[in-house]
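Each chain gets a letter, A, B and so on, in the order the sequences are listed, and its residues count up from 1.
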Amino acid sequence: MPKTVARPDFASGPGPVQRAVDAVLRVIISVIFAILVVCVVWQVVSRYVFGTPSTLTDELARFLFMWLALIGAAYTLGLKRHLAIDLLPLSLEGTAERNLRLVIVGMVAAFAGLVMVYGGGKLLLGVLQTGQLSPVLRIQMGYVYGAIPFAGLVMLFYCALSVRDILSGRDVAPAMGD
Amino acid sequence: MEDYINALVLFGSFAFFMVLGVPIAFSIGLASVVTFTTFMTFDQSVFIVAQQIASGLDSFTLLAIPFFILAGHIMNRGGIAMRLIDFAKVLGGRLPGALAHCNVLANMMFGSISGSAVASAAAVGGVMAPLQEKEGYDRSFSAAVNIASCPTGLLIPPSATFIVYSLITGGTSIAALFVAGYVPGILMGLSLMLVAGIIAKRRGYPVAERSSWREIVETGLRALPPLGLIVIVMGGIIAGIFTATEASAIAVVYTLFLALVWYREISIRDLPSVLLEAAITTSIVLLMIGASIAMSKAMAFADIPYMISDALLALSENPIVILLIINLALLVIGTFMDMTPALLIFTPIFLPVVKDLGMDPVHFGVMMTFNLCIGICTPPVGSALFVGCSVGKTSIASVLKPLLPFYGVLFALLLAVTYIPALSLWLPRLLLNY
């Protein structure tokens with residue numbers, strides 16, 4: 001993992017807060033992914049060696065997968081690497097482009113805030129209230145869905161940073177996705 | 001009449017967000033919320049979208065996607081592309097325009113292993129473009145060959161694209177889809193080689209030296225470990241030894257073994273960054289999948305599949321005409337939309353129509369993937385086109401004319417794949433009793 005170094009040229013890179021959040025997310029994502037690989041490999045091995053697939057790793061893998069997908073999506077938003085058709089933003093210049101970029105960030109923030117934090121939060125609370133437990137690990141099913149509002153909050157954080165960058169003229173156009 | 005308004009709300013809002021430049025996954029999610037609000041309260045709408053994302057991502061089958069992507073990323077780090085290119089060189093050597101054939105063959109092999117058209121175009125094209133220039137090939141011609149042939153790996157299995165299709169159709173057999181992709185994928189490569197060969201012959205591009213048997217065996221042996229991945233994964237799936245998800249985990253272990261132990265091309269310390277890169281690629285796809293599950297629910301609420309079906313049947317009751325219309329629509333969609341979102345959004349709309357016509361879902365999946373393969377090579381938005389031009393050091397404007405004959409042959413082959421079900425279904429019937 002690349003070490004974060006203090007940059008004297010403040011305007012050219014992410015600030016210290018974003019670097020810290022980025023670093024924490026990178027660690028979480030890599031660790032979850034690594035555990036996920038071990039889980040599913042163990043799942044295959046257990047099916048062949050012991051004859052019965054491990055239900056524990058099956059359940060754990062599904063939980064981790066949900067968190068990986070959503071935290072990964074939030075981190076990817078910070079990198080501005082979600083695929084978009086950016087023909088319109090690229091064809092505009094100056095204030096018009098700046099305003100359009102603000103609108104786009106606003107739309108993303110609306111989704112993150114309303115659907116993921118608010119809607120996902122209601123889902124989380126609703127499931128926690130029923131007290132539904134996962135069949136094998138006996139953990140609250142609500143925690144699995146907690147990935148949605150959590151990722152929503154991280155997305156809102158990145159949206160706020162984007163707004164600040166656009167307003168201060170430090171915004172870099174999103175990189176081409178793969 | 002009310003149905004039409006709901007459809008207008010869904011497609012209108014979706015197009016509005018997309019054109020503005022809102023990332024595709026978020027455009028899909030927002031359009032779903034807007035559509036749901038015509039049926040229920042705002043609170044219920046955001047709740048149901050969040051719930052659909054959660055249930056969409058809670059799937060053991062989907063786990064295959066991050067794993068195949070991770071295996072592809074591990075392979076990309078090493079010198080796999082070089083070994084496959086060396087092998088492809090001796091295979092295509094005696095044909096006119098040898099290096100163009102080598103490019104196509106290498107894309108077929110590398111694309112199948114990496115599962116990504118873009119990764120293949122970058123890795124293979126990056127090596128081949130300078131070699132071809134040295135031998136006097138026109139830059140834009142080389143780039144066109146690379147661009148048109150890089151999507152072959154999306155049809156030749158293992159292919160994450162088919163896993164996405166299986167998911168959105170509610171469980172079409174992944175094994176059958178994988179096996180069904182072989183014939184169309186290989187035909188796609190061969191027909192591109194045919195066109196490239198004719199053009200190369202006319203232009204007098206050089207033929208390579210005849211390779212000795214020893215060279216063929218040596219380069220073949222060197223390409224064997226990476227190609228072994230395909231044998232293990234596909235062999236296991238066809239023989240029914242393991243599922244696609246299990247196969248994907250085995251693919252990760254195998255590629256890790258190759259990269260860490262066999263070739264020693266990456267070290268343990270590189271792993272976190274490989275994991276992270278793979279996680280980013282994965283999450284781009286997965287957020288789109290989650291949002292698309294919500295959108296297909298919204299479509300079902302709005303009766304959109306039935307409406308489209310009625311509209312198509314009103315135009316014509318002739319299956320040949322309806323399939324032609326669907327293909328033309330998908331070609332247009334493909335020019336500005338990437339493969340995964342197009343597959344996720346339009347499969348639930350068109351599949352019920354073609355099912356009524358008696359078309360097999362596996363056949364339709366292959367047809368749709370083939371169609372959208374053309375889309376990623378066409379402007380204004382085409383990921384393969386962009387990457388192919390950038391590694392080929394040429395512009396989109398200058399690559400379009402040399403691409404035309406390749407578009408032509410791909411379109412002809414698309415019609416064949418559409419109207420001859422056996423091209424897709426013969427092999428899975430033979431091997432899997434599908």
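- Proximity to chain B is limited to the side chain of A:Tyr48, based on heavy atoms less than 4.5 angstrom apart.
- For chain A, the nearby parts of B:Leu275 are the backbone and the side chain; heavy atoms of each come within less than 4.5 Å.
- Heavy atoms only, all atoms of each residue included: A:Phe33 and B:Ala278 are closest at CE1-CB, 3.9 Å.
- Looking at A:Tyr118, the atoms closer than 4.5 Å to chain B (heavy atoms on both sides) all sit in the side chain, from C-beta outward.
- Looking at A:Leu70, only its side chain comes within 4.5 Å of chain B, counting heavy atoms on both sides.
- Rounding to the nearest 0.5 angstrom, the gap separating the CE atom in B:Met339 from the CG atom in B:Leu372 is 5.0 Å.
- Of the atoms belonging to A:Leu77, it is side-chain heavy atoms, and not backbone ones, that fall under 4.5 Å from chain B.
- Proximity to chain B involves both the backbone and the side chain of A:Leu123, based on heavy atoms less than 4.5 angstrom apart.
- With a 4.5 angstrom heavy-atom cutoff, B:Leu287 touches chain A only via side-chain atoms.
- The contact between B:Asp43 and chain A is made by backbone and side chain atoms together, counting heavy-atom distances below 4.5 Å.
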**Asked** Does the side chain to side chain contact (heavy atoms under 4.5 Å, CB included) test come out yes or no for B:Ile250 and B:Val233, once each step is laid out?
**Response** CA-CA 8 Å; B:Ile250 290 166; B:Val233 167; 5.6 Å; no
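- Using modelled atom types, no side-chain atom of A:Asn99 and backbone atom of A:Ala96 make a donor-acceptor pair closer than 3.5 Å.
- No donor-acceptor pair under 3.5 Å is formed between the side chain of B:Ser120 and the backbone N or O of B:Ala117.
- Looking at B:Val22, both its backbone and its side chain come within 4.5 Å of chain A, counting heavy atoms on both sides.
- For the set B:Val252, B:Ile65, B:Leu63, the entry with the most heavy-atom pairs within less than 4.5 Å of chain A is B:Leu63.
- The parts of B:Pro66 that come within reach of chain A are both its backbone and its side chain, each placing non-hydrogen atoms under 4.5 angstrom from that chain.
- Heavy atoms of A:Ile85 lying under 4.5 Å from chain B belong to its backbone as well as its side chain.
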Could you walk me through whether A:Leu83 and B:Met288 pass side chain to side chain contact (heavy atoms under 4.5 Å, CB included), step by step?
-> CA-CA 10 Å; A:Leu83 297 180; B:Met288 270 192 295; 4.2 Å; yes
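- Interface remark: B:Leu271 contributes no atoms to any contact with chain A (heavy atom separation under 4.5 Å).
- Most heavy-atom pairs under 4.5 Å with chain A, from the set B:Val33, B:Asp270, B:Leu62, B:Thr282: that is B:Leu62.
- For the atom pair CE (B:Met75) and OG (B:Ser114), the distance works out to 9.5 Å, reported to the nearest 0.5 Å.
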Should B:Ile74 and B:Leu256 be marked as a side chain to side chain contact (heavy atoms under 4.5 Å, CB included) after you check the CA-CA gap, both sets of side-chain angles, and the distance that decides it? CA-CA 7 Å; B:Ile74 295 169; B:Leu256 272 179; 3.7 Å; yes
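- Residue with the most contacts toward chain A among B:Ile241, B:Val285, B:Val253: B:Ile241 (heavy-atom pairs, distance under 4.5 Å).
- Heavy atoms of B:Phe17 lying under 4.5 Å from chain A belong exclusively to its side chain.
- For A:His82 (side chain) and A:Thr76 (main-chain N/O), no donor-acceptor pair under 3.5 Å exists by modelled atom type.
- Of the listed residues (A:Ile29, A:Ile32, A:Val44, A:Leu68), the one with the most heavy-atom contacts under 4.5 Å to chain B is A:Val44.
- Heavy atoms only, all atoms of each residue included: B:Thr245 and B:Ser248 are closest at O-OG, 2.5 Å.
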Please walk me through it: do A:Tyr75 and A:Ile28 pass side chain to side chain contact (heavy atoms under 4.5 Å, CB included)?
CA-CA 11 Å; A:Tyr75 178 72; A:Ile28 297 178; over 6 Å; no
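- Proximity to chain B among residues 124-159 of chain A is limited to A:Tyr145, A:Ile148, A:Met155, judged by heavy-atom separations below 4.5 angstrom.
- Annotation: the span from B:Ser45 atom OG to B:Phe301 atom CZ amounts to 9.0 Å, rounded to 0.5 Å.
- Using modelled atom types, one side-chain atom of B:Asn146 and one backbone atom of B:Ala121 make a donor-acceptor pair closer than 3.5 Å.
- For B:Ile48, no part lies under 4.5 angstrom from a heavy atom of chain A.
- Nearest heavy-atom pair, B:Ala291 versus B:Ser32, reported as atom, atom and distance to 0.1 Å: O-OG, 4.1 Å.
- Put simply, of B:Ile289, B:Leu286, B:Val381, B:Leu20, the one with the most heavy-atom pairs under 4.5 Å next to chain A is B:Leu20.
- Remark: the backbone N or O of B:Ala279 is paired with a side-chain donor or acceptor of B:Ser283 at under 3.5 angstrom.
- Contacts with chain B were tallied for A:Asp58, A:Val31, A:Val105; A:Asp58 has the most, counting heavy-atom pairs under 4.5 Å.
- Heavy atoms only, all atoms of each residue included: B:Ser27 and B:Met18 are closest at OG-N, 3.7 Å.
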